[in-house]
Structure formats: C-alpha cells, structure tokens
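To start, the structure itself, in structure tokens.
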Amino acid sequence: MVRDSDGEADVERLLQVSADGPYRLADLLDACVEHLRAVESARAALRHLPPEQVRAAITRRRHLLGDGDKP
C-alpha cells in the first residue's frame, strides 16, 4: 500500500480547521467587538475636547502623513 503523505497532511489540516474554526471565529469576533468599543470610546472622548484642539491635532497628523497641502 502506498501512503500519500501530502494527502494525509491535507486531511489533517482540514480536520484541524474544521475543529477549531468556530473557536477561532469567536475569538476574532470578540476582538472586533472590543475594537468597536474602543472606537466608540475614542469618539466620545473627542466630542468633549475643544474643536480647536481636535483641528490642530488633525492638521499635525496631515503634515506628518505628507498631506499638508490638502484642505
């Protein structure tokens, strides 16, 4: 009997993906929700800052990114 080691490796990989897929997806979704909460928290904090301070920070970022010439 000839053993197909590549085929066996493929089957093992498929079994592994099938087994841990839902757990990995749950971890990714948890990370996405955590990031979304951080985004919302940052937006809320920005709303409480003086507009001039936010504009100045945006201008600094544009200059650092090389977009200082754009309005």
Are the charged groups of Glu34 and Arg37 less than 4.0 angstrom apart, N to O?
-> no
Output the distance between atom CG (Leu29) and atom CG (Leu36), rounded to the nearest 0.5 Å.
-> 12.0 Å
Kindly say whether Leu14 contributes a backbone atom to a donor-acceptor pair with the side chain of Ser18 at under 3.5 angstrom?
-> no
Cluster check Ile58, Leu46: I/L/V/M/F/W/Y, side chain < 4.5 angstrom | yes
same_hphob_cluster(Val17, Val11) at 4.5 Å side-chain heavy-atom cutoff = no
If you measure from CD on Gln16 to CZ on Arg24, what distance do you get to the nearest 0.5 Å?
-> 7.5 Å
Does Arg43 reach the side chain of Arg47, with side-chain heavy atoms less than 4.5 Å apart?
-> yes
Starting at CG of Leu25, measure out to SG of Cys32 and round the result to the nearest 0.5 Å.
-> 9.0 Å
